[in-house]
**Q** 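Shown below is the structure under consideration.
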Amino acid sequence: MKPANSILSGYGTTVFEVMSALANEHRAVNLGQGFPDGNGPDDVRAVAHAALDDRPNQYPPMFGVPELRQAVAKHNRRFYGLDIDWQTETLVTSGATEALAAAHFGLIEPGDEVVLIEPLYDCYLPIIRRAGAVPRLVRIEPPDWSLPEADLRAAFSDRTKLVLINTPMNPAAKVFTREELDFIAGLCLEHDAYCVADEVYEHLVFDGRPHVTMMGLPGMRERTVRIGSAGKTFSLTGWKVGYITAPPALMTPIAKTHQYLTFTTPPNLQRATAFGLEKDAGYFTGLARGLQRSRDRFRAGLEEIGFATVECHGTYFITVDIRSVGFNGDDVDFCRTLTTEAGVAAVPVSAFYQNDPPRHFARFSFCKEDATLDEALKRMRAWLGR
Ligand code: PMP
Ligand code: GLN
């Protein structure tokens with residue numbers, strides 16, 4: 001048999017799938033893979049239901065249904081003051097994952113360099129390497145996740161095609177500050193590089209911090225590919241509706257990729273997402289407030305049973321230092337043991353690093369009902385004998 005593609009066949013099964021399967025096998029409370037307990041907003045689901053019966057279910061336009069593209073443009077204006085032409089600067093994708101693939105396959109020429117910051121969301125490196133780029137990795141680490149400016153500067157060169165930034169960042173729960181993003185934007189301008197901004201957690205930011213979009217920074221409007229996801233903004237992760245905002249010169253090659261990757265996304269889910277993006281301000285602040293409450297409740301519980309927690313400024317995730325409860329082993333052991341013995345699943349932070357990862361941090365998802373979080377805490381308390 002001839003071999004399959006050597007880049008992709010070198011990867012195992014993603015940690016999220018592995019931990020969810022283990023959680024199911026052991027009937028564990030699954031705080032590994034990041035997905036909410038709830039079923040998303042009733043009114044958004046109702047639009048999707050109605051659209052299934054009332055509206056066409058055939059191929060929608062390749063760029064997405066006009067009402068969603070218009071809603072994406074308006075959302076950019078409402079939250080970030082960006083003036084976006086929906087007809088040339090928006091594209092609907094099948095989740096942010098497809099948006100990331102379309103963006104990189106559309107922009108990268110083999111041999112280009114891409115700057116990335118570890119910890120890395122799982123699909124970044126496989127996509128970038130499959131596109132033929134050479135990754136240039138810079139790392140941030142728990143517990144402070146501070147940005148090493150000198151390393152970042154050193155990672156950029158004239159070969160840098162783009163930098164991939166994820167803010168708010170999974171799993172670090174770091175929300176990049178305006179100053180940090182200004183620094184990165186400065187490097188992009190200096191080296192004539194683009195920025196792919198994975199901003200799927202844009203509305204999940206806590207404690208009154210602002211989400212700063214790369215696209216809004218001076219000089220970056222023309223060089224940024226901004227990616228959002230209905231999965232995160234409407235707590236409906238299975239929907240896989242994503243959206244890209246990008247200037248026409250970048251959108252054209254990205255859309256060409258998209259036409260051969262998925263071409264379209266289910267029309268009823270697009271219509272419901274359009275409705276959702278137009279919801280009033282209370283929806284968006286309520287989403288963040290609710291998650292912040294869950295973070296506070298879960299974090300207090302973790303600390304009460306002895307876990308040292310790492311700061312969490314946004315996303316679905318909180319990280320703990322497993323040494324704080326006297327665990328004698330690495331994060332992979334910890335997450336497996338916690339799932340099989342305590343009945344609570346988490347994800348090892350080392351899975352988000354390429355080489356020489358930190359090995360004593362675990363990530364929990366707190367986007368859950370109180371009862372789920374309380375049950376997980378109860379099980380861990382019993383397991384730890386506290
Ligand atoms: N980027 C990041 C940082 C994520 O955490 C996720 C979550 N699943 C995605 C992209 C993918 O989003 P989607 O489910 O819309 O493909
Ligand atoms: N983004 C989710 C997480 O980080 C997982 C998505 C997936 O399973 N691919 O947990």
Side-chain angles (χ1 to χ4, degrees), residues 11-24 30-37 40 64 68 72 91-104 116-128 140 145 164-176 196-205 211 214 225-245 258 261-262 265-266 269-270 272-273 276-277 291 312-319 335 339 345-353 361-368:
Y11 288 97
T13 303
T14 153
V15 69
F16 308 119
E17 184 79 13
V18 170
M19 291 313 301
S20 280
L22 195 68
N24 289 339
N30 189 356
L31 306 186
Q33 192 177 32
F35 59 88
D37 260 358
L68 176 51
V72 168
L91 172 72
V92 178
T93 58
S94 293
T97 309
E98 196 237 326
L100 286 158
H104 290 101
L116 303 115
I117 303 177
E118 293 182 282
L120 301 164
Y121 180 58
D122 69 339
C123 69
Y124 292 173
L125 268 188
I127 288 174
I128 282 165
I140 62 173
W145 307 110
L164 172 50
I165 296 294
N166 174 215
T167 183
M169 190 181 200
N170 177 10
K174 174 184 173 75
V175 176
F176 282 70
V196 173
D198 176 347
E199 300 182 1
V200 298
Y201 297 103
E202 62 190 315
H203 291 295
L204 312 185
V205 180
H211 166 68
M214 201 55 152
V225 176
R226 193 175 108 70
I227 297 174
S229 168
K232 307 299 185 292
T233 295
F234 303 107
S235 312
L236 292 160
T237 59
W239 276 22
K240 301 299 281 190
V241 177
Y243 22 91
I244 298 181
T245 307
H258 166 76
L261 263 184
T262 59
T265 298
L269 302 183
Q270 292 194 49
T273 301
L277 286 177
L291 273 166
C312 162
H313 297 157
T315 74
Y316 287 156
F317 311 114
I318 188 160
T319 293
C335 291
T339 309
V347 165
V349 168
S350 60
F352 296 81
Y353 288 83
F361 292 92
R363 186 198 85 171
F364 290 100
S365 301
F366 55 79
C367 45
K368 305 289 176 183

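Every number for a ligand or one of its atoms is a count from 1 in the order of the listing.
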**Q** Report yes or no: does a heavy atom of Phe35 sit under 4.0 Å from some atom of ligand 2?
**A**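 False for this residue.
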**Q** To the nearest 0.5 Å, tell me how far Glu202 CD sits from Ile227 CD1.
**A**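 CD1 of Ile227 is found 11.0 Å from CD of Glu202.
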**Q** Using side-chain contact (heavy atoms from CB on, under 4.5 Å), reason through Arg363 and Phe352 one step at a time and then give a plain yes or no.
**A** CA-CA 11 Å; Arg363 186 198 85 171; Phe352 296 81; 3.6 Å; yes
**Q** Out of Gly34, Ser20, Gly32, Gly95, whose heavy atom is nearest to atom 2 (C) of ligand 2?
**A** Gly34
**Q** Which one holds for Lys232 and ligand 1: side chain close, backbone close, both close, or neither close, with close meaning a heavy atom under 4.0 Å?
**A** side chain
**Q** So, for Gly40 and Leu236, which heavy atoms are closest and what is the spacing to 0.1 Å?
**A**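 So the two residues come closest at CA-CD2, 3.8 Å.
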**Q** CD1/Ile244 to CG/Leu91 distance, rounded to the nearest 0.5 angstrom?
**A** 5.0 Å
**Q** Could you list which atoms of ligand 1 come closer than 4.0 Å to a heavy atom of Asn166?
**A**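 Those qualifying, in numeric order: 3 (C).
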**Q** Starting from atom 12 (O) of ligand 1, what is the nearest protein heavy atom, named by residue and atom, and what distance separates them?
**A**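 Nearest neighbour among protein heavy atoms for atom 12 (O) of ligand 1, to 0.1 Å: Ala96 CB, 3.5 Å.
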**Q** First locate atom NE2 of His258, then atom CD of Glu98, and finally report the distance between them rounded to the nearest 0.5 Å.
**A** 5.5 Å
**Q** So is Asn170 in contact with ligand 2, going by heavy-atom distances below 4.0 Å?
**A**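 For ligand 2, residue contact (heavy atoms, under 4.0 Å) with Asn170 is present.
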**Q** Would Glu17 count as a contact of ligand 2 if the rule is a heavy atom under 4.0 Å away?
**A** no
**Q** Could you tell me which atoms of ligand 2, counted from 1 in the order shown, lie closer than 4.0 angstrom to a heavy atom of Tyr121?
**A** 1 (N), 4 (O), 5 (C), 6 (C), 7 (C), 9 (N)
**Q** Can you list the ligand 1 atoms lying under 4.0 Å from a non-hydrogen atom of Gly95?
**A**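 By the 4.0 Å cutoff, the relevant atoms are 15 (O), 16 (O).
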**Q** Please report which non-hydrogen protein atom sits nearest to atom 8 (O) of ligand 2, along with the residue it belongs to and the distance in Å to one decimal place.
**A**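 Going atom by atom, the protein heavy atom closest to atom 8 (O) of ligand 2 ends up being Gln33 NE2, 2.7 Å.
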**Q** Using distance alone, decide if ligand 1 has a nitrogen or oxygen within less than 3.5 Å of any nitrogen or oxygen in Asp198.
**A** yes
**Q** Could you list the atoms of ligand 1 found under 4.0 angstrom from a heavy atom of Lys240?
**A** 13 (P), 14 (O), 16 (O)
**Q** Tell me: protein heavy atom nearest atom 11 (C) of ligand 1, and distance?
**A**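 That would be Thr97 OG1, 3.4 Å.
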**Q** Checking Asn166 against Tyr124 for the side-chain contact (heavy atoms from CB on, under 4.5 Å) test, could you report, in this order, the C-alpha distance in whole Å, the side-chain angles of both residues, the deciding distance, and whether it holds?
**A** CA-CA 10 Å; Asn166 174 215; Tyr124 292 173; 3.3 Å; yes
**Q** Short list, please: which atoms of ligand 1 are under 4.0 Å from a heavy atom of Val200?
**A** 1 (N), 2 (C), 4 (C)
**Q** Is there at least one pair of N or O atoms, one from Tyr124 and one from ligand 1, spaced under 3.5 Å apart?
**A** no
**Q** Just heavy atoms, cut-off under 4.0 Å: does Met19 contact ligand 2 by side chain, backbone, both, or neither?
**A** neither
**Q** Could you check Phe176 against Ile117 for side-chain contact (heavy atoms from CB on, under 4.5 Å), going step by step and ending with a plain yes or no?
**A** CA-CA 12 Å; Phe176 282 70; Ile117 303 177; 4.1 Å; yes
**Q** Need the ligand 1 atom indices (1-based, order shown) with element for anything under 4.0 Å from a heavy-atom of Tyr201.
**A** 3 (C), 4 (C), 5 (O), 7 (C)
**Q** Using the ring of Phe35 (Phe, Tyr or Trp, six-membered ring only), decide whether Lys232 places NZ or CZ under 6.0 Å from its centre and within 45 degrees of its axis.
**A**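 Relative to the ring axis of Phe35, which defines the angle, Lys232 lies outside at least one limit.
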**Q** Is any side-chain heavy atom of Pro168 closer than 4.5 Å to one of His211?
**A**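 Of all side-chain heavy-atom pairs linking Pro168 with His211, at least one is under 4.5 Å.
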**Q** As a test of understanding, state which of Thr265, Thr93, Thr97 forms a side-chain hydrogen bond (donor to acceptor under 3.5 Å, both in side chains) with Lys240.
**A**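 Going through the options one by one, the only one that passes is Thr97.
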